[in-house]
Structure formats: structure tokens, C-alpha cells
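Sequential numbering from 1 along the given sequence is applied to the chain's residues.
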Amino acid sequence: MCRNIKTLFNFEPPATDEEIHASALQFVRKLSGFNKPSQANAAAFDRAVAEVSDAARRLLTSLHTQAPARDRDIEADKARERSKLRFG
């Protein structure tokens, strides 16, 4: 599950709310062991996703770096190349 969590800091353009939410969702899924929680656990699960999203957003906006922002397309190309080498 966590393979879908991507680095979101220092990209141009910055991470979107949707990317932050998707990352938080994957994190909460991993912690809870639920892909889709039962109705009894849905409120707690959704609240955790919202809280993790908020914490991630605060973290990303408070981090600073001197490094130049990375380009999403170039990083995606690198990831595809690594995958190609790994899996053929």
C-alpha cells in the first residue's frame, strides 16, 4: 500500500490538496489495515485522514530548502526508467 505515497516536498508546481489527501489516505490505510473501513469505523478513519492531511499540509508549507525545485515530469521519467530496469 505505501508504495503509492510519493515525496511531495520541493516540486514545481507544489503538491495539490488532492495529492496530499491521497498520501494521507494511503498512510491511514497502512496504519489501520483497512482499505475501506466498516461503517462502525468509517468516522474515525475519515477523521484520521483529515487530520493527517492537515498535518502534512502544515509540514509542507513550513519546510524550507536551498535546493532548486524538482520538475514532476523529469522525476516521473526517472521513476519509469528505474521501474523498467527493475522489472524489464
Side-chain angles (χ1 to χ4, degrees):
M1 270 190 265
C2 281
R3 286 177 271 154
N4 294 333
I5 298 176
K6 306 294 184 208
T7 301
L8 299 177
F9 176 62
N10 198 28
F11 277 99
E12 192 58 46
T16 64
D17 286 339
E18 292 80 22
E19 289 172 316
I20 294 170
H21 177 79
S23 181
L25 178 61
Q26 288 298 322
F27 182 73
V28 172
R29 283 178 174 167
K30 184 67 172 184
L31 288 178
S32 67
F34 299 137
N35 189 34
K36 184 174 187 320
S38 65
Q39 286 183 330
N41 293 319
F45 186 90
D46 293 341
R47 183 173 53 253
V49 171
E51 290 173 0
V52 170
S53 292
D54 291 341
R57 192 173 298 103
R58 284 193 308 274
L59 172 66
L60 292 172
T61 58
S62 67
L63 294 174
H64 301 282
T65 184
Q66 301 273 335
R70 294 176 284 176
D71 183 278
R72 290 177 183 277
D73 294 330
I74 292 171
E75 295 299 320
D77 288 343
K78 289 180 187 177
R80 279 191 289 279
E81 188 61 34
R82 284 191 304 269
S83 179
K84 190 177 182 181
L85 291 173
R86 183 175 178 192
F87 299 112

Asker: Can you measure from CZ (Phe11) to CD1 (Ile74) and round to the nearest 0.5 angstrom?
Answerer: 10.5 Å
Asker: Identify each donor-acceptor pair in which a side-chain atom of residues 76-88 lies under 3.5 Å from a protein atom, sequence neighbours left out, and give them as a table.
Answerer:
| unit_1 | atom_1 | unit_2 | atom_2 | d |
| --- | --- | --- | --- | --- |
| Asp77 | OD1 | Arg80 | NH2 | 2.4 |
| Lys78 | NZ | Glu75 | OE2 | 3.4 |

Asker: Of all the heavy-atom pairs spanning Ala15 and Leu60, show the shortest one and how long it is.
Answerer: CB-CD1, 4.4 Å
Asker: Donor-acceptor pairs are to be reported for all side-chain atoms of residues 40-55 against protein atoms at under 3.5 Å, with residues two or more places apart or in another chain.
Answerer:
| unit_1 | atom_1 | unit_2 | atom_2 | d |
| --- | --- | --- | --- | --- |
| Asn41 | ND2 | Ser38 | OG | 3.3 |
| Ser53 | OG | Val49 | O | 2.9 |
| Asp54 | OD1 | Arg57 | NH1 | 3.2 |

Asker: Is there a side-chain contact (heavy atoms from CB on, under 4.5 Å) between Arg29 and Gln26? Walk through the geometry before answering.
Answerer: CA-CA 5 Å; Arg29 283 178 174 167; Gln26 288 298 322; 3.1 Å; yes
Asker: Under 4.5 Å between any side-chain heavy atoms of Leu8 and Ser23, yes or no?
Answerer: yes
Asker: Restricting to pairs with a member in residues 65-74, which pass salt bridge (Lys or Arg N to Asp or Glu O under 4.0 Å), not counting sequence neighbours?
Answerer: Glu19-Arg72
